[in-house]
2 protein chains.
Amino acid sequence: MITICEVSMKYHISKDALRFYEKEKLIGPIRKNKSGIREYQDSDLERIEFVLCMRSAGLSIAVLRKYLELYDKGDNTKEMRLNLLLNEKKKLKEKIKCMNDAFKKLEYKIKLYQES
Amino acid sequence: MITICEVSMKYHISKDALRFYEKEKLIGPIRKNKSGIREYQDSDLERIEFVLCMRSAGLSIAVLRKYLELYDKGDNTKEMRLNLLLNEKKKLKEKIKCMNDAFKKLEYKIKLYQES
DNA sequence: TCTTGACTTAGAGTATAGTCTAAGTAGTAT
DNA sequence: ATACTACTTAGACTATACTCTAAGTCAAGA
């Protein structure tokens with residue numbers, strides 16, 4: 001049972017973003033106390049970690065919602081989920097390759113500056 | 001002397017984006033013929049390649065404009081340009097590391113699916 | 001009791017990076 | 001001459017992912 005403020009600090013993400021992710025069904029619905037205040041459980045935190053990790057990899061809100069929707073539908077969506085993940089993995093691999101290439105070019109450009 | 005259509009196909013980028021980059025001062029101003037049609041020179045293409053490469057690395061339009069602005073101002077902006085590039089390189093390195101971590105987690109997740 | 005501060009909501013606003021539309025022009029094909 | 005196609009412009013619109021605002025509730029401290 002940890003508050004939105006604590007979750008926000010723990011993961012360096014805004015409270016607004018946490019509520020936004022909940023509205024977009026990436027997490028939650030988070031349990032609320034009698035005053036309507038969110039109380040995050042350990043299971044919520046795991047899901048938040050997963051979402052943040054995948055977001056940092058560039059997976060879109062829409063793709064994550066799709067995945068988590070399937071997940072919540074149960075076991076017979078496993079193959080669809082796997083395919084979705086494989087597809088995202090492929091895209092991510094491309095992207096990383098692309099960024100590595102750009103990184104090398106940037107390094108080279110910097111080297112030229114430092115030589116002159 | 002190559003047309004916007006050819007440049008667009010060569011680099012797999014829309015004609016709108018090419019005009020947008022020009023408006024944002026990332027490229028050009030591109031020479032135009034007496035009818036007002038753009039005619040891209042080799043030097044334009046080099047700049048386009050640089051811009052696309054850096055965009056694929058995640059450098060923002062604003063950062064690129066800043067860099068190219070300094071570049072067009074001449075030699076005494078060299079140190080500022082170098083610092084700008086070093087800063088972007090640092091950010092890029094972080095981002096790539098972050099994406100690699102996420103990639104590994106994605107792979108692990110996929111492995112779990114494939115084992116079950 | 002009153003104020004303070006942190007929370008709540010719905011919905012408006014922002015930043016980034018294009019993308020699309022409308023209206024017009026120029027050169028070519030019939 | 002007329003139609004067609006590709007180009008031009010300014011400016012409106014879109015998608016994504018938040019971020020902010022306004023109005024209100026609740027619990028605790030002075």
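Below, chain A is the first sequence line, B the second, and so on; all start at residue 1. Keep in mind that the numbers below use all heavy atoms, side chains included, and drop hydrogens, waters and symmetry copies.
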Tabulate below the donor-acceptor pairs under 3.5 Å that side-chain atoms of residues 96-103 of chain A make, not counting sequence neighbours, or state none.
{"unit_1": "Lys97(A)", "atom_1": "NZ", "unit_2": "Asp101(A)", "atom_2": "OD2", "d": "3.1"}
{"unit_1": "Asn100(A)", "atom_1": "ND2", "unit_2": "Ile96(A)", "atom_2": "O", "d": "3.4"}

Side-chain atoms of residues 86-93 of chain A: list all donor-acceptor pairs with protein atoms under 3.5 Å, sequence neighbours left out, distances to 0.1 Å.
{"unit_1": "Glu88(A)", "atom_1": "OE2", "unit_2": "Lys91(A)", "atom_2": "NZ", "d": "3.2"}

Under 3.5 Å donor-acceptor pairs involving side-chain atoms of residues 44-56 of chain A, not counting sequence neighbours:
{"unit_1": "Asp44(A)", "atom_1": "OD2", "unit_2": "Gln41(A)", "atom_2": "N", "d": "2.9"}
{"unit_1": "Arg47(A)", "atom_1": "NE", "unit_2": "Leu26(A)", "atom_2": "O", "d": "3.0"}
{"unit_1": "Arg47(A)", "atom_1": "NH2", "unit_2": "Asp72(A)", "atom_2": "OD2", "d": "3.4"}
{"unit_1": "Glu49(A)", "atom_1": "OE2", "unit_2": "Tyr11(A)", "atom_2": "OH", "d": "2.6"}
{"unit_1": "Arg55(A)", "atom_1": "NH1", "unit_2": "Leu59(A)", "atom_2": "O", "d": "2.6"}
{"unit_1": "Ser56(A)", "atom_1": "OG", "unit_2": "Cys53(A)", "atom_2": "O", "d": "2.6"}

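Inter-residue side-chain proximity for Ile110(B) and Leu82(A) is flagged as met; some heavy-atom pair is nearer than 4.5 Å.
Residues from residues 31-61 of chain A lying near DNA chain D, meaning a heavy-atom separation below 4.0 Å, are Ser35(A), Arg55(A), Ser60(A), Ile61(A) in numerical order. Of all the residues in residues 17-26 of chain B, Arg19(B) reach under 4.0 Å from DNA chain D with at least one non-hydrogen atom.
Applying the side-chain hydrogen bond (donor to acceptor under 3.5 Å, both in side chains) criterion to Ser8(B), with sequence neighbours excluded, gives no partner residue. With sequence neighbours excluded, the residues that form a side-chain hydrogen bond (donor to acceptor under 3.5 Å, both in side chains) with Tyr67(B) are Tyr113(A). Every side-chain hydrogen bond (donor to acceptor under 3.5 Å, both in side chains) that Lys78(A) has, sequence neighbours left out, goes to Ser116(B).
On the nucleic acid side, DNA chain D contacts chain A at distances under 4.0 Å to non-hydrogen atoms, with the end points of that region at dA17(D) to dA27(D).
Within the structure, the ring-ring contact (aromatic ring centres under 6.0 Å, His included) test picks out no pair touching residues 14-42 of chain A (sequence neighbours left out). Applying the salt bridge (Lys or Arg N to Asp or Glu O under 4.0 Å) test to pairs two or more places apart or on separate chains, those with a residue in residues 28-42 of chain A are Glu22(A)-Arg38(A).
What separates CG of Leu64(B) from C1' of dG18(C) is a distance of 15 Å, to the nearest Å. Atom CD1 of Ile2(A) is separated from atom P of dA6(C) by 17 Å (rounded to the nearest Å).
In the hydrophobic clustering (ILVMFWY side chains linked at under 4.5 Å, chained through shared members), Leu112(B) is joined by Tyr108(B).
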